[in-house]
Amino acid sequence: MSEQLADLPLPVQSQWSVVRSCFWQVLAALASSLLVSFVVGFVVAFVGAATRSASLLHVTQEFAYVQSLAILSMLMVNATYLLFARDELKERLRQFLPDLMNGLRRPVSLLILVCVPLGLLGSVHWAITTTQLTRNFLHDMSPIYWLAIAVLLVIVAPVAEEIFYRGYVWGRLSSIMPPWKAGTISAALFLGSHVPNGILAPLLVLPLTIVLTVLRLRHVGVGVCVLAHGIYNGTIILGNLVQTYVAPLHMPS
């Protein structure tokens, strides 16, 4: 949302009541992904037990199941984020391009360039932690798979997460506390939402979170944050593609 469009004021509430509300909404979004995981896992287990088919136990099938589960879970989380921010979603989307252009005119928006090396570091981490078996599976995936991943991580996730964390949550918190407190709490909630991806996941996205928080504190709108987030994710995906098909990165053992 552009700076001309101020967030609607809230009724008088205690700071902690608003923080608790945002916290529980983040947990609700994560719980929605667990529900998807449970349903898909139950169906796959039931079909496998009913058919006793060896092909269902093949390692590539298991990888396909895990990848599909991850995609569905991420979609569910993002949909839940947008559901919570639905009251201002329409207005934020309508103002997205003006907000983005106004934000890019500010010198501080050059911080988005930092997202490229940060994304490259994320790609290196992927190279270190990914097994050769997973690489072989990804190498055999169709372009449609990579397109789906790109759309999800470069467009859907940045839009949903930034509108929710740097938009909805930030707006609610900043109406009752100083901006730096609102930024700190929204950043903490954003980092906490990545714990299901691994115990070290919040540490990996911490540099990106700092960049996004600084941008917002410097009165750059959500549109620039979406762009920075998309550049970061896109750089990681591009690096993964290069390592998968062109020049695999062999880390010393």
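We count residues from 1, following the sequence as given. All of these numbers come straight from a predicted model, not from anything done at the bench.
With a 4.5 Å cut-off on side-chain heavy atoms, W126 and I236 do not count as touching. At a threshold of 4.5 Å between non-hydrogen side-chain atoms, the residues V224 and D99 do not count as touching. The side-chain heavy atoms of V108 and L111, taken from C-beta on, include a pair separated by under 4.5 Å. Residues C115 and T235 have side chains not in contact (no heavy-atom distance under 4.5 Å, counting atoms from C-beta outward). Side-chain contact between K90 and R94: absent, with no pair of heavy atoms (C-beta onward) separated by less than 4.5 Å. For the pair L30 and L34, the minimum side-chain heavy-atom distance is 4.5 Å or more. V222 places a side-chain heavy atom less than 4.5 Å from the side chain of R216. Contact check for R172 versus S21: side-chain heavy atoms found under the 4.5 Å cut-off.
In the displayed structure, I144 atom CD1 is contacted under 6.0 Å by at most 12 heavy atoms of other residues, nucleotides or ligands.
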Going by atom type alone, with no hydrogens or angles, which donor-acceptor pairs under 3.5 Å involve a side-chain atom of residues 177-192 and a protein atom two or more places apart or on another chain?
{"from": "T184", "atom 1": "OG1", "to": "W180", "atom 2": "O", "distance (Å)": "2.8"}
{"from": "S186", "atom 1": "OG", "to": "A182", "atom 2": "O", "distance (Å)": "3.1"}
{"from": "S186", "atom 1": "OG", "to": "G183", "atom 2": "O", "distance (Å)": "3.1"}

Per-pair distances, 0.1 Å, donor-acceptor, side chain in residues 76-84, under 3.5 Å, sequence neighbours excluded:
{"from": "N78", "atom 1": "ND2", "to": "M74", "atom 2": "O", "distance (Å)": "3.1"}
{"from": "T80", "atom 1": "OG1", "to": "S32", "atom 2": "OG", "distance (Å)": "3.1"}
{"from": "T80", "atom 1": "OG1", "to": "M76", "atom 2": "O", "distance (Å)": "2.8"}
{"from": "Y81", "atom 1": "OH", "to": "Y165", "atom 2": "OH", "distance (Å)": "2.7"}

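In this structure, L208 CG and L121 CG are separated by 12.0 Å, a value rounded to the nearest 0.5 Å. Distance check, rounded to the nearest 0.5 Å: CZ of F96 to CG of L100 gives 5.0 Å. With rounding to the nearest 0.5 Å, the separation of CG in L200 from CG in L206 is 12.0 Å. We find the CD-CD1 distance between E91 and I163 to be 11.5 Å, quoted to the nearest 0.5 Å. The CD1 atom of I237 sits 10.0 Å away from atom CG of L147, with the distance rounded to the nearest 0.5 Å. One distance of note links OH of Y168 with CZ of R86; it measures 8.0 Å at 0.5 Å rounding.
Between R166 and C225, the shortest heavy-atom contact is CG-SG, 4.1 Å. H219 approaches R106 most closely through the heavy-atom pair O-NE, 3.3 Å. Scanning all heavy atoms of the two residues, the minimum distance from Y232 to L204 falls at OH-O, 3.8 Å. Closest approach of C22 to V169, counting heavy atoms only: SG-CG1, 4.0 Å.
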Going through the distances and angles, do F164 and W170 end up as a side chain to side chain contact (heavy atoms under 4.5 Å, CB included)?
CA-CA 8 Å; F164 181 72; W170 190 295; over 6 Å; no

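For the pair E162 (side chain) and A228 (backbone), a donor-acceptor distance under 3.5 Å is absent. Using modelled atom types, one side-chain atom of N233 and one backbone atom of L153 make a donor-acceptor pair closer than 3.5 Å. When atom types are taken as modelled, the side chain of S33 and the backbone of S73 share no donor-acceptor pair closer than 3.5 angstrom.
Residues I112 and I210 are members of one and the same hydrophobic cluster, defined by side-chain heavy-atom contacts under 4.5 angstrom among Ile, Leu, Val, Met, Phe, Trp and Tyr. Residues L110 and L104 are members of separate hydrophobic clusters, defined by side-chain heavy-atom contacts under 4.5 angstrom among Ile, Leu, Val, Met, Phe, Trp and Tyr. Linking Ile, Leu, Val, Met, Phe, Trp and Tyr residues whenever their side-chain heavy atoms come within less than 4.5 Å leaves L93 and M101 in two separate clusters. Linking ILVMFWY residues whenever their side-chain heavy atoms come closer than 4.5 Å, directly or via other members, leaves V124 and L238 in distinct clusters. Hydrophobic clustering places V205 together with V116 (ILVMFWY residues linked when any side-chain heavy atoms are closer than 4.5 Å, directly or through intermediates).
Tested against L217, the residues V220, L215, T213, V214 include a single side chain to side chain contact (heavy atoms under 4.5 Å, CB included) partner, T213.
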